[in-house]
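Counting starts at 1 for both ligands and their atoms, following the listed order. Model, not experiment: these values are computed from the prediction. Atom set for the values below is all heavy atoms of this structure, side chains included, hydrogens, waters and symmetry mates excluded.
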Amino acid sequence: MKKTIFLLPVAALAACSGGEQQPQRPNIIVILADDLGFGDVSAYGSTTISTPNIDRLAHEGVCFNNGYATSSTSTPSRYALMTGMYPWKNSEAKILPGDAPLIISPQQYTLPKMMQENGYYTGAIGKWHLGMGTGNVNWNERVTPGANEIGFDYSCLIAATNDRVPTVYVENGNVVGLEADDPIEVSYKENFEGEPTALTNPEMLKLEWSHGHNNSIVNGIPRIGFMKGGKNARWVDEDMADYFVGKVRNFIDEHKGSPFFLYYGLHQPHVPRTPNARFVGSTTMGARGDAIVEADWCVGEVLKTLEEAGILENTLVIFTSDNGPVLNDGYKDMAEELAGDHDPKGGLRGGKYSLFDAGTHIPLFAYWKGTIKPTVSNALFCQMDLPASLGKLTGGKVPEGLDSQDLLSVLLGKSEKGRENLVVEAQGKMALRAGDWVMIPPYKGPKRNRTKNELGNLSEYGLFNLTQEPAQQTNLAASEPEMLEKMKTQFFDLTKGYYKADVEEVELK
Ligand code: NG6
Ligand code: CA
């Protein structure tokens, strides 16, 4: 038989042989909401709130039923995502004040640095909360080291949280809109003479505090910490979503031609909840519900921008939340009173600050149009696994010894083989999730804090089967002694040198 030789175009040849021509690497966007609970998105079945844009990621991507943050508060949770290391291995990874130094060393491995070294253009926009500078920050000069020193080519951030001073945007280390004749001063110890606080000038408040949050007043809202000056640089809370969406749009438009990595830290629905007037009244739940709808709009804007730039099919979008939900986190914004039938925990137990499941069991979706097939995944996946998994996806170098696990095939919905276990953390206390089970060692301390969230301080060992009972009401420690022993052995092995039976309670003032 005569042999026929087909001549293929050069590009096709390269693609077939898997040789020189690399497939184009996707852009990656990680959207991290702040305090958004498992029950706060309609994707997991909540009928009391509608989040169509977030749901689109869930329904057309991988919807994780067992997605986790490492921690039930922001700083440690973000630390793990950024470094691929358990935050309880770094004693500084706890809720930081707004003037705290950067807790990630510029020598340390980070997810953005890996992406940057790998040819990606990298950006961080929105909430930071990993510290800036080296202590005693002078906000009138470039604040360094910060995001730009640990792997981000571009950054536009709020230093800590939207309830902490300084209430200014920091772009590439510089306070935006700062005027030389009105320098900023910040203190977490004492007020500056003559500056109004919630205690001295309650008549200036448009939002009242319920616990904490009675220091400097900015934009009619009392904050944590004291600040002076920088009047024209101060943010307007109600415009924050628009401000950051604008920055995200610019970032995508400017870098659509090259692979980029974008970390977008939404400030919603963290307190103070200040949705733009466009969203006020969009739910019956008051500011918290309206802030979630605003966050959903932000996600929609990201997708729209990608579509308009023609790069939606070449972008992996990961959506998640830094920790579980809370209703009253220190302001009288009626979140509790107006919640109605809405359960932000989505049937789980606990919430923000808690060792119970709702503290760290959060919404997680991975969306990549045309590549990821709509999938519901029950695999255990933690945000801390993003560094190793995204390294695998993009060819980035992942060092030995990280706690981050390469679960790329889980992330892309091709495998259900997730983590075998995960140590979760709440204000220095730790618990173990493994398989269907959760083991919580006994800890002293109150059952609830000022938020009324249950903290998970148990007087005896707690053992719960999450598949049988997501609400963690039945302690099986006595009836399942073998499982308890197995979990304890694993837990003490994993946390060796770090576990402390006595952890001082972090008091919310
Ligand atoms: C607490 C604040 C709370 C919130 C939290 C950090 C008080 C009483 N409470 O100390 O409002 O800011 O810190 O939240 O001040 S997180 O999501 O950034 O971890
Ligand atoms: Ca948070």
Tell me if the aromatic rings of [X] and [Y] count as close, with their centers under 6.0 Å from one another.
{"X": "Phe251", "Y": "Tyr264", "result": "no"}
{"X": "Tyr243", "Y": "Trp235", "result": "no"}
{"X": "Tyr498", "Y": "Trp88", "result": "yes"}
{"X": "Phe244", "Y": "Tyr169", "result": "yes"}

Which of the atoms in ligand 1, numbered in the order shown and given with their element, are less than 4.0 Å from a heavy-atom of [X]?
{"X": "Thr73", "value": "19 (O)"}
{"X": "His129", "value": "18 (O)"}
{"X": "Leu508", "value": "1 (C), 10 (O)"}
{"X": "Asp163", "value": "3 (C), 4 (C), 11 (O), 12 (O)"}
{"X": "Val271", "value": "11 (O)"}
{"X": "Asp34", "value": "17 (O)"}
{"X": "Gly212", "value": "8 (C)"}
{"X": "His211", "value": "8 (C)"}

Answer side chain, backbone, both or neither: which part of [X] comes under 4.0 Å from ligand 1, heavy atoms only.
{"X": "Trp209", "value": "neither"}
{"X": "Asp329", "value": "both"}
{"X": "Thr75", "value": "neither"}

Could you grab the protein N, O or S atoms closer than 3.0 Å to the Ca ion (ligand 2) for me? Asp34 OD1, Asp35 OD1, Asp322 OD1, Asp322 OD2, Asn323 OD1
Which residue owns the protein heavy atom closest to atom 13 (O) of ligand 1, what's the atom, and how far is it? Arg164 NH2, 3.0 Å
Would you kindly say whether Thr320 and Gln383 are connected by a side-chain donor-acceptor distance under 3.5 Å? yes
